[in-house]
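Quick notes on the structure that follows.
Predicted model only: the values in this text are computed from it and were never measured. Just so it is clear: chains get the letters A, B, ... in the order the sequence lines come, proteins before strands, and each one is counted from 1.
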Protein chains: 2
Amino acid sequence: MGLKITILGNNSARPLLQRHPAAQVVYCNDEPFLIDCGEGTQVQMLRYRVKSWRINHIFISHLHGDHYLGLMGLLDTYALSDRQHPLHIYAPAPLQTIIQAHLSAVIPDATYPYPLIFHPTDNTEKKLLYEGNHLSIYSVPLVHNKIHCTGFVFEEKKAARKMRKDKIEEYQIPFILIDGIKKGNHFELPDGKIIPNEELTTDSRIPQKYAYCSDTAYTESLLPYLQNVDLLYHESTYLNDKIQQAQQRGHSTAEQAATIAQKANVKRLLLGHYSTSYYDLLPFLTEARPAFAQTYLSQEGATYDISQADWSEHEIKTEYFQPQCSKQD
Amino acid sequence: MGLKITILGNNSARPLLQRHPAAQVVYCNDEPFLIDCGEGTQVQMLRYRVKSWRINHIFISHLHGDHYLGLMGLLDTYALSDRQHPLHIYAPAPLQTIIQAHLSAVIPDATYPYPLIFHPTDNTEKKLLYEGNHLSIYSVPLVHNKIHCTGFVFEEKKAARKMRKDKIEEYQIPFILIDGIKKGNHFELPDGKIIPNEELTTDSRIPQKYAYCSDTAYTESLLPYLQNVDLLYHESTYLNDKIQQAQQRGHSTAEQAATIAQKANVKRLLLGHYSTSYYDLLPFLTEARPAFAQTYLSQEGATYDISQADWSEHEIKTEYFQPQCSKQD
């Protein structure tokens, strides 16, 4: 269990043949949550076997086209597939106008046949967007050239303690009491003796945290939100050779992303949102790792399992990471 | 020379892994014109080597998402690539609202850095949209469930007659007179003898016509616009097994498309806009050809040269035309 992230697209601005715009799926207990939805995302979901019909919550960081232009096609496909269950979208307010303009283009005041619940995001402070039994999801303000832009932080809730099956048998514990014991109760034997909870249960694992920060300039205002997260996805649109451009355009370099990761004491860092001006992406790793050793380059199609101790499969082999697109792309 | 058509996408409604939504490029004297722009079109243009920066005119038939959702990404890419020269868009009027909503989503009242000239289409009668030195392009009304929808007809202009080089030498014709002779003038020798134009020039080839009709129900109101066109692209969303569905949804079957082609006396018919409910597309050909022998199935990535007499390369081999997407797609 735990959180897993599948990357559907991690390219910046315009797409290339093998490099798609921003989109990723965060799985919590196998429930998928979609972050960003660049053009082509629904095809990427087919390609990487994402059960798109199980997505009930979509989070859009900001309204640059490379982060949302795949959304209307996905909403249309849901309608064509007779979706009935509600879909929640968390995004800057103008997206609601855009969706309505798309719907009304053929039929005035049209609506989707399924409930579409829009939640405008707030880019001024950390806000709770979603609360479920296992997970809370927050928006956090990013700094992207004064554009309304938020990151997202996924925080698992601590699961109930686990009942020891051998103790059920040993003490003949009635089924009806098990739920209370998982929540912390002791158990009283018929003769009055109290069996403490610590003997009857084991602790659940430590809840995991995942943070998505794209797009953003380097900003230490993020640090309080990112403390000790298990995995941070931080945009690294440029290398230090284009640090001026990064600053002007509200983006970060690989080294800057790694610096944030180091200062926030995260466990691992995933880089992404690569500029198309870079043909070879390996330099992102070589730039970032001196600042933060547990840096990985996000790869389209890969799934990152936070619970997995060994991430050697995600190490980049040089010959792999020259993208298949030709230079003129 | 002549007209050539490259298919970028010919799938209906939702995309599949190897089947992209509507888009095609019509080349006239190597100048590309884009018809429809479904999601993913700019990547398809990379894939099939379309020089997208040379496109100055984009024609959108109607505002179902599978025909236009790739447009905003393309307009954004033009801006990022520092496009300076004007771009003309011919489309139903609400598209202008959609484009503006997209632009204004991050910066109120933003505009593109290049001139974007919007021409709202008229779906009530045949209208001239574009007139150049070599080509006229018209919109024609389609019948698609009362939705504003137009097809497009490309009509080459008759080129000037060709000057015979041997005659220039034989009669020592001054260069300054050649243009006039190509337009029909005779040539007077110093001794007063008149050399007739028919001796000095050869006729240019017959101008070609291409018609794009998607999306549309079967309608004989199209016939006057399609008479004798060299190539007709007519949607065939369904086979006759779903003829009721075709009628309800404002679409055509393969046989209906072929019937239109036969009644309009076109030279060749290309089918496209296939429903995702069909895994194997060969039945579209077997249904259409009894009604119109010169029917071909449009294939994504293929280029159709109207001037080419032999189209055997476009014949479908059975093993090819089972699309690579899996059935659950």
Side-chain angles (χ1 to χ4, degrees), chain A residues 12-21 38-47 49 51 62-66 68-81 91-108 144-149 276 325-326 328-329, chain B residues 12-21 38-47 49 51 62-66 68-81 91-108 144-149 276 325-326 328-329:
Chain A
S12 160
R14 63 186 185 91
L16 301 178
L17 263 177
Q18 307 289 347
R19 285 165 57 172
H20 292 81
E39 189 176 341
T41 291
Q42 59 172 318
V43 175
Q44 292 297 87
M45 289 200 279
L46 290 174
R47 180 170 281 115
R49 306 284 182 188
K51 296 183 174 79
H62 65 298
L63 296 181
H64 279 147
D66 56 326
Y68 89 90
L69 280 175
L71 180 65
M72 277 72 68
L74 180 60
L75 301 183
D76 288 356
T77 292
Y78 283 146
L80 291 167
S81 309
L95 182 56
Q96 199 167 20
T97 306
I98 291 170
I99 293 171
Q100 200 51 53
H102 166 64
L103 273 171
S104 300
V106 286
I107 300 173
H144 187 41
N145 267 3
K146 300 183 184 176
I147 287 163
H148 181 118
C149 186
T276 50
C325 53
S326 60
Q328 64 262 34
D329 293 327
Chain B
S12 160
R14 62 185 186 93
L16 300 178
L17 263 177
Q18 307 288 346
R19 286 165 56 172
H20 292 81
E39 188 175 342
T41 292
Q42 61 172 315
V43 174
Q44 292 298 87
M45 289 200 280
L46 289 174
R47 180 170 283 116
R49 305 285 184 188
K51 296 182 174 78
H62 64 297
L63 296 181
H64 279 147
D66 57 325
Y68 89 90
L69 281 174
L71 181 65
M72 277 73 68
L74 180 60
L75 301 184
D76 287 356
T77 292
Y78 282 146
L80 291 167
S81 309
L95 183 56
Q96 198 167 19
T97 305
I98 291 169
I99 294 171
Q100 199 51 55
H102 167 65
L103 272 172
S104 301
V106 286
I107 301 173
H144 187 40
N145 268 3
K146 301 185 184 175
I147 286 163
H148 181 119
C149 187
T276 51
C325 53
S326 61
Q328 65 262 35
D329 293 329

Taking heavy atoms only and a threshold strictly under 4.5 Å, list by residue number the residues of residues 92-100 of chain B that touch chain A; give 'none' if the list is empty.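 Near chain A, by residue number: B/P94, B/I98.
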
Provide the closest heavy-atom pair for B/E39 versus A/G38 in the form atom of the first, atom of the second, distance. OE2-O, 4.5 Å

What's the shortest heavy-atom distance between A/L46 and B/P15, and which atoms? CD1-O, 3.7 Å

Among the options A/L80, A/V106, A/I107, pick out the one with the most heavy-atom pairs lying under 4.5 Å from chain B.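 Greatest number of close heavy-atom pairs with chain B: A/V106.
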
Heavy-atom cut-off 4.5 Å, strictly under: side chain, backbone, both or neither for B/H102 against chain A?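 Both the backbone and the side chain of B/H102 come within 4.5 Å of chain A.
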
Partner of B/R14 by side chain to side chain contact (heavy atoms under 4.5 Å, CB included), out of A/T77, A/L74, A/V43: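 Between B/R14 and the candidates, side chain to side chain contact (heavy atoms under 4.5 Å, CB included) is satisfied uniquely by A/T77.
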
Applying a strict 4.5 Å limit to non-hydrogen atoms, the region of A/H64 in contact with chain B is both

Check whether any side-chain heavy atom of A/L17 lies under 4.5 Å from a side-chain heavy atom of B/R47, and answer yes or no.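 Side-chain contact under 4.5 Å: yes.
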
